[in-house]
2 protein chains.
Amino acid sequence: MPVRTAAKRRQEAKIAYDAFLAECPSRQLLDTLSDKWVTLVLNALADGSQRHSELARRIAGVSQKMLTQTLRSLERDGLIARSVTLAVPVRVDYELTRLGADLERQMRGLKHWAEAHMPDILAARVKYDAQG
Amino acid sequence: MPVRTAAKRRQEAKIAYDAFLAECPSRQLLDTLSDKWVTLVLNALADGSQRHSELARRIAGVSQKMLTQTLRSLERDGLIARSVTLAVPVRVDYELTRLGADLERQMRGLKHWAEAHMPDILAARVKYDAQG
DNA sequence: CGGGATCCCTGCTGATACTG
DNA sequence: CAGTATCAGCAGGGATCCCG
């Protein structure tokens with residue numbers, strides 16, 4: 001019955017690992033940021049308050065489902081603020097909170113790095129693909 | 001036949017969007033980083049050269065498939081270097097390249113931000129869930 | 001106009017087993 | 001020990017329809 005040990009150990013490792021992830025702040029943040037649209041929305045809102053439809057047009061390619069979903073999650077995390085103006089057609093605006101703006105600023109650092117070093121990475125890929 | 005326009009426009013928008021993404025350096029980098037394991041590997045290798053099996057044990061939870069896959073993609077991007085030592089059992093070591101180490105340093109900035117502000121985010125969530 | 005609810009499908013991920 | 005190949009399961013994301 002030594003068969004179980006291997007699988008069992010993996011199971012335990014995985015559980016421990018998941019627990020670890022759940023408590024790792026940087027990992028959690030990364031999970032948030034890794035969402036395909038989060039950074040785009042953050043970036044778009046860096047220019048100031050915007051409406052749902054404005055964002056939809058600006059980001060072009062989001063289904064409104066994902067946009068709504070993304071906005072919800074950002075709102076939940078306190079990164080953006082949602083303000084509703086009751087009128088004939090309801091008007092909803094979104095804007096970065098302090099925290100959100102702060103995060104956006106951090107992201108810009110990464111963005112700069114990316115713009116500076118992406119050529120290197122692309123070059124490496126070409127080289128690798130050409131048979132490294 | 002006005003029915004087609006809407007769907008068609010979305011199609012075009014999506015194509016344009018994809019093209020945009022393909023050229024956006026920061027987006028590309030983000031796609032790489034958003035990979036579940038990339039940052040963990042980067043982080044692990046920050047402590048110096050390590051073997052495949054060492055990484056597997058250290059990261060605990062990766063299937064070796066994903067580990068290999070991740071290592072390959074990082075190697076392709078020129079972020080890590082792979083060195084093979086032929087011996088009785090083959091020995092393979094991985095280490096960060098200059099570029100990789102540089103990126104890892106950048107990531108640490110984000111990590112610090114995460115550690116500093118994650119409590120705020122968590123608090124926001126609790127508040128939101130408790131009915132915001 | 002903003003957004004909730006459903007359905008469906010793609011593709012990522014992991015488990016397993018095999019080669020060198 | 002390092003790596004590849006195959007298969008199956010499931011979640012993420014999109015399209016569509018409908019409500020306030």
Side-chain angles (χ1 to χ4, degrees), chain A residues 2-15 17-18 21 31-38 40-41 49-76 80-95, chain B residues 3-15 17-18 21 31-32 34-38 40-41 49-76 80-95:
Chain A
V3 189
R4 288 172 55 198
T5 35
K8 197 172 181 185
R9 267 203 328 202
R10 285 193 59 81
Q11 276 299 316
E12 295 173 352
K14 175 158 188 172
I15 292 172
Y17 169 76
D18 288 342
L21 277 197
D31 277 347
T32 302
L33 294 177
S34 69
D35 190 290
K36 201 179 172 186
W37 307 108
V38 165
L40 292 175
V41 171
S49 176
Q50 300 193 38
R51 305 185 57 180
H52 181 107
S53 50
E54 287 174 325
L55 288 171
R57 235 172 301 117
R58 180 152 175 172
I59 300 186
V62 229
S63 58
Q64 43 71 302
K65 173 187 173 181
M66 289 322 293
L67 181 55
T68 299
Q69 198 171 299
T70 303
L71 290 170
R72 281 287 166 285
S73 111
L74 286 174
E75 187 194 356
R76 187 169 108 100
I80 65 173
R82 189 177 112 109
S83 56
V84 182
T85 308
L86 279 88
V88 186
V90 192
R91 178 194 174 93
V92 184
D93 290 83
Y94 296 92
E95 63 180 335
Chain B
V3 188
R4 288 172 54 197
T5 35
K8 197 172 180 185
R9 266 204 325 204
R10 285 193 58 80
Q11 275 300 317
E12 295 172 351
K14 175 158 187 171
I15 292 172
Y17 168 76
D18 287 343
L21 277 197
D31 277 347
T32 301
S34 67
D35 190 290
K36 200 179 174 189
W37 308 107
V38 165
L40 292 176
V41 171
S49 175
Q50 298 192 40
R51 306 186 57 181
H52 182 107
S53 51
E54 287 174 326
L55 288 171
R57 235 172 301 118
R58 181 151 174 174
I59 300 185
V62 225
S63 58
Q64 40 74 301
K65 174 186 172 182
M66 290 321 294
L67 181 55
T68 299
Q69 196 170 301
T70 303
L71 290 169
R72 281 285 167 288
S73 109
L74 287 173
E75 187 194 357
R76 188 170 107 102
I80 65 175
R82 187 178 112 107
S83 57
V84 183
T85 307
L86 279 87
V88 186
V90 191
R91 178 194 175 94
V92 183
D93 290 82
Y94 296 92
E95 62 180 335

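These figures come from a predicted structure and were not determined experimentally. Values below: every heavy atom of this structure, side chains too, minus hydrogens, waters and symmetry copies.
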Pick the closest DNA chain D nucleotide for B:Lys65 and for B:His52 by heavy atoms, then say which residue is nearer the 5' end.
B:His52
Send over the distance from A:Arg57 CZ to C:dC1 C1', rounded to a whole Å.
11 Å
Any N or O donor-acceptor pair under 3.5 Å from the base of D:dT4 to the side chain of B:Gln69?
no
Nucleotide of C:dG14, D:dA2, C:dG4 approaching B:Ser63 most closely (side-chain heavy atoms):
C:dG14
I need the CD-P distance between B:Glu54 and D:dA2, as an integer number of Å.
8 Å
Side-chain N or O of B:Arg51 closer than 4.0 Å to phosphate OP1/OP2 of D:dA2
yes
Atom CD of A:Gln64 and atom P of D:dG13: how far apart are they, to the nearest Å?
15 Å
Considering just the side-chain nitrogens and oxygens of B:Thr68, establish if one lies under 4.0 Å of OP1 or OP2 belonging to D:dT4.
no
Would you say a side-chain N or O of B:Lys36 is under 4.0 Å from OP1 or OP2 of C:dG14?
yes
Just how far, in rounded Å, is P of D:dG13 from CG of A:Leu40?
12 Å
Over how many whole Å does the gap from A:Leu55 atom CG to C:dC1 atom C1' extend?
14 Å
Comparing nearest nucleotides in DNA chain C, the 5'-proximal residue of the pair A:Val92, B:Met66 is A:Val92
Using whole Å, report how far OH of A:Tyr94 lies from P of C:dG2.
8 Å
Across the strands shown, which category fits B:Arg91 at heavy-atom distances under 4.0 angstrom: base, sugar-phosphate, nothing?
nothing
